[in-house]
Undergrad: 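Pasting in a structure now, in structure tokens, and then I'll have a few things to ask.
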Amino acid sequence: MIRKCLFPAAGYGTRFLPATKAMPKEMLPVLTKPLIQYGVEEALTAGLDTMAIVTGRGKRSIEDHFDISYELEHQIKGTSKEHYLTEIRDVITRCTFSYTRQVEMKGLGHAILSGQTLIGNEPFAVLLADDLCDNTCEQGSVLSQMVKLYEKYQCSIVAIEEVPKEETFKYGVIAGDEIEEDIFQVTNMVEKPEPKDAPSNYAIIGRYILTPDIFDIIENTEPGRGGEIQITDALLTQAKQGKVIAYKFKGQRFDCGSVEGFVRATNYFYNK
Ligand code: G1P
């Protein structure tokens, strides 16, 4: 059973400077809710109630967000504005949070390895909060679809989406054999390939389920693309053992790591 969700949240968010100079990119709001809260709510919909957040310098407001503000509670209690706190109060009571810091920025694989101390020896989910998903899809949230799949396959799972071939350089890209509708046995994966080198146009988006042997594998994974330790490369080791599937999820995802995707998400959620 999967209980824990890891949130790598140490990145600088340079594409959103100057907004992210003194504020974590995970706290940027789509409408009134920070990206990371959408992520935590998605994890809750999948039955995960233990949030493990890998932060870095300058990210303390994330911890404050998922804590009670007594001053605010005192100010707002019994007023007409109290309902603004309903959702975040609910999140805080339904799950627990633990934090660790990634001291050096050595890539997503390294960030996940930094979270080992919070995860231990059990399968877990990884959610990248800047990939924002609409969790109101008929089939359930993306993570809940993946957790269901884990019950059947009991191996690592990556969520994938078809992207235009010229955009493969932004993503980890897989190759695989379709074993069931929308489910692929992964045979190859490449981090951010140029379109001409991409094994397909199936891009990995920021939702993973990982088995805990991934930690030892990451430790033995050499730096790859951009000189960073890539989770894609570590997963390739598992894939070669036949232990990774890719799942073409149902639902809508926004790349809130880019200004354009962020604006699209804002309009989408506003219109909803
Ligand atoms: C990371 C991963 C990449 C994945 C992407 C999804 O890249 O390294 O494989 O496709 O997340 O958002 P990043 O966007 O952090 O550069």
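Order of appearance sets the numbers: ligands from 1, and atoms from 1 within every ligand.
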Undergrad: Mind checking whether Phe269 and Tyr38 have parallel, tilted or perpendicular rings, split at 30° and 60°?
TA: tilted
Undergrad: Return yes when at least one protein heavy atom is under 4.0 Å from atom 15 (O) of ligand 1, and no when none is.
TA: no
Undergrad: Under a 4.0 angstrom heavy-atom cut-off, which atoms of ligand 1 come close to Gly172?
TA: 3 (C), 4 (C), 9 (O), 10 (O)
Undergrad: Please state whether Gly206 comes within less than 4.0 angstrom of ligand 1, counting heavy atoms only.
TA: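 Right, Gly206 reaches ligand 1.
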Undergrad: Check whether more than 12 heavy atoms from other residues, nucleotides or ligands sit under 6.0 Å from atom NZ of Lys248, and answer yes or no.
TA: yes
Undergrad: Around atom 4 (C) of ligand 1, find the nearest protein heavy atom and jot down its residue, atom name and distance.
TA: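 The closest one turns out to be Ile204 O, 3.5 Å.
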Undergrad: Leu108 heavy atoms, cut-off 4.0 Å: which ligand 1 atoms fall inside?
TA: 1 (C), 2 (C), 8 (O)
Undergrad: Heavy atoms, side chains only, cut-off 4.5 Å: are Asp197 and Val190 in contact?
TA: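 When only atoms from C-beta onward are counted, Val190 and Asp197 do not touch, as no gap falls below 4.5 Å.
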Undergrad: Could you tell me, atom by atom, which parts of ligand 1 come under 4.0 Å of a heavy atom of Thr232?
TA: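 This gives 9 (O) as the contact atoms.
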Undergrad: What do you reckon, is CG of Asp64 surrounded by more than 12 foreign heavy atoms closer than 6.0 Å?
TA: yes
Undergrad: Answer side chain, backbone, both or neither: which part of Leu128 comes under 4.0 Å from ligand 1, heavy atoms only.
TA: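 Under 4.0 Å from ligand 1, Leu128 contributes side-chain atoms alone.
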Undergrad: Does Tyr171, backbone or side chain, put an N or O under 3.5 Å from an N or O of ligand 1?
TA: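 No; every N/O pair is 3.5 Å or more apart.
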Undergrad: What protein heavy atom sits nearest atom 12 (O) of ligand 1, and how far away is it?
TA: Asp131 OD2, 2.7 Å
Undergrad: Evaluate the ring planes of Tyr202 and Phe184, with Trp represented by its six-membered ring, and classify them as parallel (under 30°), tilted (30 to 60°) or perpendicular (over 60°).
TA: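 Aromatic pair Tyr202/Phe184 classed tilted.
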Undergrad: Is it true that Phe249 and Ile231 fall in one hydrophobic cluster, defined by side-chain heavy atoms closer than 4.5 Å?
TA: no
Undergrad: Check whether any side-chain N or O of Thr266 sits under 3.5 Å from a backbone N or O of Val30 as a donor-acceptor pair, and report yes or no.
TA: no
